[in-house]
Amino acid sequence: MERMDIVEEAQQPAPPVTFTGRKTLVPAAVAVVLIAGALLIRPAKAGDDARPPGPSERAASAVGMGAPVAAVDLTALVADREKWLEKHADDEASWAVLGAAYLEQARRTADSGWYPKAEKSLKRSLELRPAEKGNFEAMTGMGTLANARRDFGTAKKWGELVRAQAPKQWSAYPVLVDAYSGLGDYKGAQKAMERLQELRPGLVAFVRASQVYRDRGWREDAALAMEQAAGDAKSPAEKAYALFRLGELFWERGETQQALDHYEGALRADPAQAQALGGRARALGALGRGGEAVRDYRLALGRAPVPQVARELGELLESLGRGEEARAAYDMLGGLAARDGTNGVDDDVVLGLYEADHGDPSAAVRRLSEEWSRHKSVQVADALGWALHKAGEDAAALEYATKATETGLRNAEFSYHRAMIERGLGDEAATRRHLQEALRTNPGFSPLRAPLAKEALAAIAAPPPGGPENILPTKPWVAPELPKPKPVPKPVSKPAPKPKPKPSATP
């Protein structure tokens, strides 16, 4: 007997929305939760009308399509599913939806405290319908949760388990793109993205395509794919996310004003987009508008506190000579990382970079060496190389800096780190080349390190004073007298042979 028939016979009120879905979080610095699945609407009954969907229905639909959700709709969805499950605790689909909604709450608020709730809901769904029976919604939700915690090895296992059971289950592939990228398997990420495009073209595929292209260094392709994602957006929240990601791409390219325009466009579409606030703060700082940048950083941390934003605020304040305020921002970074650690989130890269620049480089090397054993991405390679440099181990540092800069990704910070390592090794030519690359990629990449890059480049741009005594000629240059070529004798022409007389004809 079909599930819907059982519900009818039991005469239980059907839920306003019953959905099986998953969503996937974009890493890094900055990311979006995507839950795959199909939205199941109860059959029409007498008394139904054609009213537009309410907030919880809109949120469930967006979650099912793998899209960002407006804050008010998401709150309504969480309340709706929690209330439903109080009386229907055996509804595995609703447990998966609730887990997905908790993950989206974590993305919007940057509060890792939602992750244990999401894990509990998804595991409850798997208890009611185990993985071996095809509970793809909860399985992909677990993969999404692992990616959000930056546990990419676990995310890969969940994604590959879904793919093995159902190769055409499109919701597995966003999980795999994120997991492979976090593990440093960029070819695998590209293959998963291409399969996603085949199975489910649209917003989710465009976002993942942009991510893959950016990691491979194909900047124009990355921007085009994200513009397609913005064009495919169906809600202000989706539009805001795509504009924010476009702003990030322009920022990395050093086009600061264009980045600022896109961040502001994202905030107009969705004023609650805290990631865009952090991006706008970064762009304002690079444009010399430090006071406005500090304001936006603090607003962003008030709405969605994440360690990376606290680090950026601290470095901006330090560059402005506001040391006491910078230390307060760094203290906040430590507190946020401790909070994330209790909720299973891996913040080792941002913590390692902070320790290398502002704390104990040896501790940073230990932390990042352990991270490298788990995740061999370019981000980890760059951070480990920089920590080794700060600890005085430039020869070992260059190996990791090379891994970070030779995959195709164009990142001014990575190029600067490699240049400083090469300077420590005495290779001025390579130092000059990579400093020029950093400043050409993004002249304002850091309020602290961009000025240092300009100073270092100026110091090695010309030969040092002194040098050989006769470096300039004392007399005008005169062309040397070259030996004259020997004349080539002309070949002697032989007279043409006389033609032999033809024999006379016989009469």
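For clarity, every value in this text was computed on a predicted model and none was experimentally measured.
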Heavy atoms, side chains only, cut-off 4.5 Å: are [X] and [Y] in contact?
| X | Y | value |
| --- | --- | --- |
| S181 | D178 | no |
| R81 | S121 | no |
| E160 | L176 | yes |
| L333 | L351 | yes |
| F206 | P201 | no |
| Q273 | L243 | no |

Do NZ/NE/NH1/NH2 and the carboxylate oxygens of [X] and [Y] come within less than 4.0 Å?
| X | Y | result |
| --- | --- | --- |
| D232 | K234 | yes |
| E194 | K191 | no |
| E325 | R298 | yes |
| R150 | D347 | yes |
| D346 | R374 | yes |
| R214 | E248 | no |
| R282 | E315 | no |
| R149 | E119 | yes |
| R449 | D357 | yes |
| E371 | R367 | no |

Full working for ring pair (Phe, Tyr, Trp, His ring centres under 6.0 Å) between W251 and Y263: CA-CA 10 Å; W251 164 257; Y263 294 138; 7.9 Å; no
Which label fits W386 and H417: parallel for a plane angle under 30°, tilted from 30 to 60°, or perpendicular past 60°?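 Taking H417 first and then W386, their aromatic rings lie parallel (interplane angle under 30°).
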Y400 vs W372 aromatic rings, parallel, tilted or perpendicular, using cut-offs 30° and 60°?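 Rings of Y400 and W372: perpendicular, as their planes differ by over 60°.
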Ignoring hydrogens and angles, state whether a donor on the side chain of D215 or Q211 is under 3.5 Å from an acceptor on the partner side chain.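 Per modelled atom types, D215 and Q211 side chains form no pair under 3.5 Å.
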Between R253 and Q258, does a side chain to side chain contact (heavy atoms under 4.5 Å, CB included) hold up when you go through it step by step? CA-CA 10 Å; R253 292 165 57 160; Q258 291 90 330; over 6 Å; no
Counting only heavy atoms not in K376, do more than 12 sit closer than 6.0 Å to its NZ atom?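 Enclosed.
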Go through the steps for L317 and Y297 under the test side chain to side chain contact (heavy atoms under 4.5 Å, CB included), then give the verdict. CA-CA 11 Å; L317 289 167; Y297 270 130; over 6 Å; no
Go through the steps to decide whether R295 and R280 satisfy the test side chain to side chain contact (heavy atoms under 4.5 Å, CB included), and finish with yes or no. CA-CA 10 Å; R295 176 207 62 198; R280 187 171 74 175; 4.0 Å; yes
Quick one: which of D382, T402, L435 gives a side chain to side chain contact (heavy atoms under 4.5 Å, CB included) with R418?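 Of the listed options, the one satisfying the test is T402.
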Under the criterion side chain to side chain contact (heavy atoms under 4.5 Å, CB included), I'd like the reasoning laid out for Y241 against V207: C-alpha separation, chi angles, the key distance, then a yes or no. CA-CA 10 Å; Y241 179 74; V207 168; 4.3 Å; yes
